[in-house]
Amino acid sequence: MSSIKSIGVLTSGGDAPGMNAAIRAVVRACIYNNLKVYGVMRGYQGLIDNDIEELHSNSVSNIIQSGGTILKSARSMEFKTEEGRRKAYANLQKRGIDALVVIGGDGTFTGARIFGQEHNFPIVGIPGTIDNDLYGTDYTIGYDTALNTVVEAVDKIRDTATAHSRLFFIEVMGRDAGFLALRSGIASGAEAVMVPEVRTDFDQLEHFLQNGFNKNKTSSIVLVAEGDEIGGAIKIADKVGKEHPEYDVRVTILGHIQRGGSPSAFDRVSASRMGLSAVEALMDDQKSIMIGLANNQIVHTPFNQALKNKKALNPQLLEMTKILSI
Ligand code: F6P
């Protein structure tokens, strides 16, 4: 029999569509298993400020379809200090909370790993970020929705690019990873994709663009990951525009639109599976692990490994972008 009787749940870092579905799954799984469940507001900051309330089944009614997070999110500087974490631990003890489920990205798991070790406190993580940059899971919650948001936007830009025979550089989020840029590039038929994982080869880019226009392509779209080592879409567009005044160049930065919106069915199902598994893992006395999906199966990865290793881009997908844009 597990000693865990009560679980807290929080969302931290950049919000991602599907976080609500994960919260709902955690709450319902706790109630199903006769555990008390508490929602912590504004991530780790809410733990420090004792902004915590008990959740019931109907607290999470009608939220599976909503973007954002009902628990709100924050990036807490205070939790980076030992004093902040001491306050957080004291509040958890006062409330009688035995374990935490934290939903977020690598910053969230870094905080969880330190706090878990410092106070010998059981924590299980659920990957929630549009960046999909976490080792130990094929997909993070929010990535699929963001991908579809980007593709929908690029399709619209393609219409106007074609009308004016223009070259567009479209910048997408992803922090220092290129997952969002690579897949959205493939799905939208982009002429080229620029990601931080691969050095930008300007000669090759020019060759692609020239080739396309020589073949009477009426528009060109280049997807640029915000973390690309050149420094983003504006810089790249500037350089290409100066060297090729014959191109009519435009830039679109998609920005935070990528973080919002109703989660896709895929994200809702993944979030539900991971939320349920997180509660089961805690009941099984596991700690300091991240729940993930590998080959459509639930897997567990220790925080240490998830944080130490870098998830690689699929080289076959990278190669595909070159073949398919000829
Ligand atoms: O990690 C998610 C993310 O949206 C990144 O893609 C982006 O670099 C960052 O968060 C933006 O953070 P903020 O919302 O704090 O500006």
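All values below come from the heavy atoms of this structure, side chains included, with hydrogens, waters and symmetry mates left out. Start at 1 and go down the list; that is how both ligands and their atoms are numbered. What you see is a predicted model; the values in this text were computed from it and never measured. All residue numbers in this chain count up from 1 along the given sequence.
The nearest protein atom to atom 9 (C) of ligand 1, hydrogens excluded, is given as R175 NH2, 3.7 Å; this is a heavy-atom distance. Summary of contacts: the protein heavy atom closest to atom 3 (C) of ligand 1 is R259 NH1, 3.5 Å. The single protein non-hydrogen atom nearest to atom 6 (O) of ligand 1 is D131 OD1, 2.7 Å, given as residue, atom name and distance.
Under a 4.0 Å criterion applied to the non-hydrogen atoms of H256, ligand 1 contributes the atoms 13 (P), 14 (O), 16 (O). Each of the following atoms of ligand 1 lies closer than 4.0 Å to a heavy atom of E226: 5 (C), 6 (O), 7 (C), 8 (O). Taking a cut-off of under 4.0 Å to the non-hydrogen atoms of R75, the atoms of ligand 1 that pass are 10 (O), 12 (O), 13 (P), 15 (O). Numbered from 1 in the order shown, with element, the atoms of ligand 1 that lie under 4.0 Å from a heavy atom of G174 read 6 (O).
Side-chain atoms of T200 and D228 form a donor-acceptor pair, as typed in the model, at a separation below 3.5 Å. With 3.5 Å as the limit, one finds no donor-acceptor pair spanning the side chains of R268 and N20. N50 and K87 are not linked by any side-chain donor-acceptor pair at a separation below 3.5 angstrom, with hydrogens and angles left out of the test. When only modelled atom types and interatomic distance are considered, S264 and D144 share a side-chain donor-acceptor pair under 3.5 Å.
Between R85 and E82, no side-chain nitrogen of the basic residue sits less than 4.0 Å from a carboxylate oxygen of the acidic one, so the salt-bridge criterion is not met.
The distance between the ring centers of F115 and Y44 does not fall below 6.0 angstrom.
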